[in-house]
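Computed from a prediction, not measured in an experiment: that's the story for all the values here. Every chain is numbered from 1, with letters handed out A, B, ... down the list of sequences. All values below come from the heavy atoms of this structure, side chains included, with hydrogens, waters and symmetry mates left out.
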Amino acid sequence: MAVLVIAEHDNASLKDATAKTVTAAAKVGGDIDVLVAGKGASAAAESAGKIDGVRAVIHVDHDLLEYQMPEAMEATVVALMDGYDAVLSPDGKTHQAYMPRVAARLDTQQISSVTGIEGDTFERPIYAGNAVAYVKSGDPKKVVTVRTTAFAPAGEGGSASVKSESADIGDTGSAFVSEELSKSDRPELTGAKIVVSGGRGMGSGENFSLLEGIADKLGAAMGASRAAVDAGYVPNDWQVGQTGKAVAPELYLAVGISGAIQHLAGMKDSKVIAAINKDEEAPIFSVADYGLVADLFKALPELEAELAKVGY
Amino acid sequence: MKVLVPVKRVLDYNVKARVKPDQSGVDLSNVKMSMNPFDEIAVEEAVRMQEKSVATETIAVSIGPAKAQETIRTALAMGVDRGVHVTTDEDLEPLAVAKILKAVAEAEGAELILMGKQAIDNDYGATGGMLSAMLGWPIGQYANTIETKEGALTVKREIDGGLQTVELRLPAVVTTDLRLNEPRYASLPNIMKAKRKPIEAKTPADYGVDTAPRLTVVKVTEPKTREAGVKVEDAAALVDKLKNEAGVI
Ligand SMILES: Cc1cc2nc3c(=O)[nH]c(=O)nc-3n(C[C@H](O)[C@H](O)[C@H](O)COP(=O)(O)OP(=O)(O)OC[C@H]3O[C@@H](n4cnc5c(N)ncnc54)[C@H](O)[C@@H]3O)c2cc1C
Ligand SMILES: Nc1ncnc2c1ncn2[C@@H]1O[C@H](COP(=O)(O)O)[C@@H](O)[C@H]1O
């Protein structure tokens, strides 16, 4: 058995999601190689070699891989698959965009966003996490995306060698035009220890500054409900939920969020959930360890002051 | 440009799924079913393209049981021209769905396939990508905005770090994200009109597609439940709990 893990990186550095996917790959069993496909990503490839349990790193450098577009990633990954029985990637949007293309080329049914692997059985949430399916695959080559919040990162201490391989990508029919990335010095949402999220109850984008002060004190990432994103309060990549990002921090603070099933799907695996909502009947309180029934415009400044008192 | 819109009939997004006691799946008897919300967004976008004369014809296709016809009727009532219903009582996996959709797209000579990024029942998010690869077409996943040009599309995509704009040569597949548009409600006259729009009946066998599942479902269980915790008096009490009881700050 050999398993290919696809690295998450931004060309500059390797992301934690890679080491978490390696942990998932170890549960599948067999030798683990990591593919770093990008442009000028050799530092990321070096870091991938240091992950415990990795046999080799395959580094593919190509202009067309700078943005890891689906067509180029498909060509790169499929060309390597002769040597592997399974390919695993994190389940971020970058990967979810191309993994189905890989699966189709291998004539395989993809297993998406798995949260557990036990022998040859994969566990995955369905119906916004209201049910959990356990499935076995009969396909000779398995294509799996991994919900990285469900796996601890593999340790460091490996010394796998980096092999450079070329890719034959050809005409993809798609071209990168531009990117507007939301800039932030805060930790990344999906890997953060603390997430502070706001919903429609925040009332406006400006009011999110009430939350940002708290997030900055706690070194937290910012998240949001769909309603807050749809209303234009905050960028789309802040959305937590069934169809946004899945998070599982030590602490999730939900403010002005009602707790719709689609939102809960993305955060109910958090270790501790705290909620501030003025409606004591809000469904968020049914999953919250600590609930504060209050007007957020009063509670948030108080919370910030209380945090300051204990040294934040 | 002919636009194909695959639409799936799913458990309504407002209904909480219930696992069957024998753990064989989710109970879908006597519950409200609706068009997958992402597919409604795709239908809306297709109809707008038609209203702007960018689309010459719009076709909704659904693969599913007899009742999937209702889902196609909803698309027709929103303004789609006609439907194709591929009837099956099996719950097909994205791989099989994509193979059927490929055959439909080829038979219809579609140049653009607009579809949901994810079906909210199985949460695979796989069919669009699979279909695009099978056809050898480029794909714009998670569309936030679509602009059409001669022979090409500019798609603004919702990505992990923000927004990304790509240009795709036609023919292409585009999957919808939540911010692409707000789907219209069908008006009563349009619902009446939709009853007379044609729906072609097909089966997977008509397209020669092997629909045998690749995955075996061992069981489907209830998720771990979370107990509601305690209510705290004020912000000071909250900080105290988080620091001294939970130890998370
Ligand atoms: C296909 C589909 C996919 C979806 N995907 C997602 C997803 O990924 N993530 C997601 O979050 N949602 C998703 N949704 C939307 C989801 O169904 C809810 O509509 C959404 O989560 C509601 O957001 P909210 O809680 O911010 O808003 P609301 O439900 O409007 O709740 C606002 C809350 O704020 C409280 N509030 C108001 N003012 C104050 C105040 N001054 N002080 C304190 N509390 C206050 C109110 O009591 C209320 O509980 C999806 C829906 C669909 C159909
Ligand atoms: N049975 C089906 N009939 C028509 N379209 C479907 C069907 N299943 C999936 N699709 C399309 O594929 C998209 C993604 O579905 P999935 O890959 O199952 O998450 C949906 O939003 C639909 O547009």
Among [options], which residue has the highest count of heavy-atom pairs closer than 4.5 Å to chain A?
options	value
B/Gly247, B/Gly125, B/Ala133, B/Ala96	B/Ala133
B/Glu93, B/Gln23, B/Glu227	B/Glu93
B/Ala17, B/Gly25, B/Gly129	B/Gly129
B/Glu233, B/Gln141, B/Gln164	B/Gln164
B/Leu178, B/Val217, B/Val155	B/Leu178
B/Glu182, B/Arg157, B/Lys16	B/Lys16

Only pairs of heavy atoms separated by less than 4.5 Å count here; which of [options] has the most with chain B?
options	value
A/Pro235, A/Ala288, A/Ser184	A/Ala288
A/Gly244, A/Pro249, A/Ser270	A/Ser270
A/Glu123, A/Glu304, A/Gln262	A/Gln262
A/Ala305, A/Ala104, A/Ala97, A/Gly138	A/Ala97
A/Ile273, A/Leu264, A/Ile111, A/Asp10	A/Ile273

Quick check against the 3.5 Å criterion: does [X] have a side-chain atom that pairs as donor or acceptor with the backbone of [Y]?
X	Y	answer
A/Arg124	B/Asn122	yes
A/Glu71	B/Ile139	yes
A/Arg101	B/Gly128	no
B/Arg226	A/Lys268	yes
A/Glu179	B/Gly162	no
A/Gln242	B/Ile120	yes
B/Asp160	A/Lys93	yes
B/Thr221	A/Ala133	no

List the steps, then state whether side chain to side chain contact (heavy atoms under 4.5 Å, CB included) holds for A/Val135 with B/Val218.
-> CA-CA 5 Å; A/Val135 298; B/Val218 181; 5.9 Å; no
Which answer fits [X], side chain, backbone, both or neither, if we ask what part of it has an atom under 4.5 Å from a heavy atom of chain B?
X	answer
A/Phe122	neither
A/Gln239	side chain
A/Glu188	neither
A/Leu303	both

Are the side chains of [X] and [Y] in touch, meaning some heavy atoms are under 4.5 Å apart?
X	Y	value
A/Ile194	B/Val248	no
B/Val230	A/Asp289	no
A/Ser174	B/Arg169	no
A/Phe285	B/Lys231	yes
A/Tyr67	B/Val166	no
B/Val239	A/Val310	yes
B/Lys243	A/Glu306	no

Starting at [atom1] of [X], measure out to [atom2] of [Y] and round the result to the nearest 0.5 Å.
X	Y	atom1	atom2	result
A/Asn130	B/Asp121	CG	CG	12.5 Å
B/Leu242	A/Leu253	CG	CG	8.0 Å
A/Thr108	B/Leu95	OG1	CG	7.5 Å
A/Ser182	B/Leu163	OG	CG	7.5 Å
A/Ile126	B/Leu11	CD1	CG	11.0 Å
B/Asp123	A/Ser113	CG	OG	8.0 Å

Indicate yes or no: does [X] engage [Y] in a salt bridge with an N to O separation below 4.0 Å.
X	Y	answer
B/Lys156	A/Glu180	yes
A/Lys298	B/Asp234	no
B/Lys224	A/Asp269	no

Exercise: identify the closest heavy-atom pair between B/Val19 and A/Ala131 =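 Distance-wise, the nearest heavy atoms are CG2-CB, 3.7 Å.
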Compare every heavy atom of A/Ala103 with every heavy atom of B/Met130, then report the nearest pair and how far apart it is.
->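 Scanning both residues, the minimum pair turns out to be CE-CB, 3.8 Å.
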Between [X] and chain A, with a heavy-atom cut-off of 4.5 Å, which part of the residue counts as in contact: side chain, backbone, both or neither?
X	answer
B/Val232	both
B/Ala236	both
B/Val97	neither
B/Leu238	side chain
B/Tyr124	both

Starting from the C-alpha separation in whole Å, work towards a yes-or-no answer on side chain to side chain contact (heavy atoms under 4.5 Å, CB included) for A/Gln110 and B/Arg214.
-> CA-CA 9 Å; A/Gln110 168 173 307; B/Arg214 304 298 184 83; over 6 Å; no
Trace of the side chain to side chain contact (heavy atoms under 4.5 Å, CB included) decision for A/Asn236 with B/Ile159 = CA-CA 8 Å; A/Asn236 59 278; B/Ile159 60 170; over 6 Å; no
Evaluation steps, side chain to side chain contact (heavy atoms under 4.5 Å, CB included), between A/Thr243 and B/Asp177 | CA-CA 9 Å; A/Thr243 66; B/Asp177 216 320; 5.6 Å; no
Should we count [atom1] of [X] as having more than 12 external heavy atoms under 6.0 Å?
X	atom1	value
B/Tyr13	OH	no
B/Glu106	CD	yes
A/Lys193	NZ	no
B/Asp91	CG	no

Please determine if B/Arg18 forms a cation-pi arrangement with A/Tyr127, meaning its NZ or CZ atom is less than 6.0 Å from the six-membered ring centre and no more than 45° off the ring axis.
->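 So B/Arg18 doesn't make the cation-pi contact.
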Quiz item: cation-pi between B/Lys241 and A/Tyr290, 6.0 Å / 45° =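 No, B/Lys241 does not sit over the ring of A/Tyr290.
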